[in-house]
Amino acid sequence: GDSPHPDIASSYNNMGTVYRSQGNYSAALKYYWRSRNLLQSSELPQTHPLYLMVISNLRSALAHLYLYPLRKKFLINLCLETFIAFLNAI
(Lines give C-alpha, C1' and ligand atoms only; values in the text may rest on other atoms or scores of the structure.)
Protein backbone atom coordinates (compact mmCIF):
# COMPACT_ATOMS: atom_id res chain seq x y z
CA GLY A 1 0.00 0.00 0.00
CA ASP A 2 0.86 3.65 0.24
CA SER A 3 1.55 3.56 3.98
CA PRO A 4 5.16 3.78 5.18
CA HIS A 5 6.95 0.55 6.01
CA PRO A 6 7.27 -0.11 9.76
CA ASP A 7 11.00 -0.81 9.32
CA ILE A 8 11.56 2.90 8.64
CA ALA A 9 9.78 3.77 11.87
CA SER A 10 11.87 1.15 13.64
CA SER A 11 15.06 2.75 12.29
CA TYR A 12 13.97 6.15 13.56
CA ASN A 13 13.21 4.59 16.93
CA ASN A 14 16.69 3.05 17.01
CA MET A 15 18.28 6.40 16.18
CA GLY A 16 16.34 7.96 19.02
CA THR A 17 17.61 5.27 21.37
CA VAL A 18 21.20 5.97 20.35
CA TYR A 19 20.76 9.67 21.08
CA ARG A 20 18.98 8.94 24.36
CA SER A 21 21.83 6.67 25.48
CA GLN A 22 24.22 9.58 24.82
CA GLY A 23 22.06 11.90 26.93
CA ASN A 24 20.90 13.92 23.92
CA TYR A 25 17.21 13.82 24.81
CA SER A 26 16.10 16.55 22.43
CA ALA A 27 17.56 14.68 19.43
CA ALA A 28 16.08 11.43 20.75
CA LEU A 29 12.68 13.09 21.01
CA LYS A 30 12.89 14.26 17.40
CA TYR A 31 13.50 10.72 16.14
CA TYR A 32 10.88 9.17 18.42
CA TRP A 33 8.30 11.66 17.09
CA ARG A 34 9.23 10.79 13.51
CA SER A 35 8.84 7.12 14.32
CA ARG A 36 5.49 7.68 16.00
CA ASN A 37 4.19 9.76 13.09
CA LEU A 38 5.18 7.09 10.58
CA LEU A 39 3.55 4.38 12.66
CA GLN A 40 0.36 6.39 12.97
CA SER A 41 0.13 6.61 9.19
CA SER A 42 1.02 2.94 8.74
CA GLU A 43 -1.31 -0.03 8.86
CA LEU A 44 0.06 -1.27 12.19
CA PRO A 45 -2.43 -1.21 15.05
CA GLN A 46 -1.62 0.94 18.07
CA THR A 47 -1.38 -2.26 20.11
CA HIS A 48 1.57 -3.52 18.05
CA PRO A 49 4.76 -4.00 20.15
CA LEU A 50 6.76 -1.57 17.99
CA TYR A 51 4.15 1.16 18.42
CA LEU A 52 4.03 0.58 22.17
CA MET A 53 7.83 0.68 22.41
CA VAL A 54 8.00 3.97 20.51
CA ILE A 55 5.38 5.53 22.81
CA SER A 56 7.31 4.32 25.86
CA ASN A 57 10.54 5.77 24.47
CA LEU A 58 8.79 9.05 23.72
CA ARG A 59 7.57 9.27 27.30
CA SER A 60 11.04 8.51 28.62
CA ALA A 61 12.68 11.22 26.50
CA LEU A 62 10.01 13.74 27.52
CA ALA A 63 10.50 12.86 31.19
CA HIS A 64 14.26 13.36 30.93
CA LEU A 65 13.83 16.68 29.15
CA TYR A 66 11.08 18.21 31.25
CA LEU A 67 9.96 16.26 34.30
CA TYR A 68 13.28 15.23 35.89
CA PRO A 69 14.96 18.65 35.67
CA LEU A 70 11.89 20.34 37.14
CA ARG A 71 11.70 17.81 39.97
CA LYS A 72 15.40 18.21 40.74
CA LYS A 73 15.20 22.02 40.68
CA PHE A 74 12.08 21.97 42.83
CA LEU A 75 13.66 19.76 45.50
CA ILE A 76 16.98 21.60 45.54
CA ASN A 77 15.41 25.06 45.82
CA LEU A 78 13.13 24.18 48.71
CA CYS A 79 14.53 24.05 52.20
CA LEU A 80 13.37 21.15 54.36
CA GLU A 81 11.08 23.32 56.48
CA THR A 82 9.26 24.72 53.45
CA PHE A 83 9.00 21.25 51.94
CA ILE A 84 7.40 19.84 55.10
CA ALA A 85 4.95 22.76 55.25
CA PHE A 86 4.06 22.11 51.62
CA LEU A 87 3.42 18.42 52.30
CA ASN A 88 1.22 19.26 55.26
CA ALA A 89 -0.82 21.64 53.13
CA ILE A 90 -1.78 19.07 50.51
Side-chain angles (χ1 to χ4, degrees):
D2 291 339
S3 64
H5 197 280
D7 286 349
I8 298 170
S10 181
S11 295
Y12 280 138
N13 180 67
N14 292 340
M15 288 296 298
T17 301
V18 169
Y19 281 113
R20 188 179 71 187
S21 70
Q22 296 172 345
N24 189 343
Y25 300 109
S26 58
L29 192 62
K30 179 175 73 171
Y31 282 97
Y32 291 146
W33 273 115
R34 287 180 181 172
S35 180
R36 177 196 163 270
N37 290 341
L38 283 175
L39 289 172
Q40 277 194 322
S41 59
S42 76
E43 296 173 0
L44 283 182
Q46 291 186 356
T47 55
H48 190 277
L50 176 60
Y51 191 90
L52 297 174
M53 180 172 51
V54 169
I55 295 301
S56 176
N57 289 339
L58 245 173
R59 288 178 179 159
S60 175
L62 283 167
H64 278 92
L65 271 175
Y66 301 107
L67 179 62
Y68 298 152
L70 287 176
R71 182 180 65 187
K72 186 175 180 181
K73 182 178 179 181
F74 175 76
L75 292 175
I76 289 172
N77 289 339
L78 287 177
C79 68
L80 183 59
E81 193 174 72
T82 306
F83 185 64
I84 291 170
F86 172 76
L87 290 177
N88 288 334
I90 57 173

Test of understanding: clusters of I, L, V, M, F, W, Y form through side-chain heavy atoms closer than 4.5 Å, transitively. Do I55 and L44 belong to the same one?
yes
Would a 4.5 Å heavy-atom cut-off, applied to side chains only, mark L29 and S26 as touching?
no
Can Y25 be reached from W33 by stepping across I, L, V, M, F, W or Y side chains whose heavy atoms are under 4.5 Å apart?
yes
Kindly indicate whether the side chain of T17, heavy atoms from C-beta on, has any atom under 4.5 Å from the side chain of Y32.
yes
From N57 atom CG to S35 atom OG, the distance as rounded to the nearest 0.5 Å:
8.5 Å
About how many Å separate CG of L58 and CZ of R20, when rounded to the nearest 0.5 Å?
10.0 Å
How long is the span from the CD atom in E43 to the NE2 atom in H5, to the nearest 0.5 Å?
10.0 Å
Which heavy-atom pair separates P6 from L50 by the least distance, and what is that distance?
O-CD2, 3.7 Å
Spacing of M53 atom CE and R36 atom CZ [to the nearest 0.5 Å]
15.5 Å
With side chains defined as the heavy atoms from C-beta onward, is the minimum distance between Y51 and Q40 less than 4.5 Å?
yes
Contact check, side chains of R34 and N37, non-hydrogen atoms, under 4.5 Å
no
Just wondering, more than 12 heavy atoms not from Y19 lying within 6.0 Å of its OH?
no
Which of these passes side chain to side chain contact (heavy atoms under 4.5 Å, CB included) with N13: V54, I8, L38?
V54
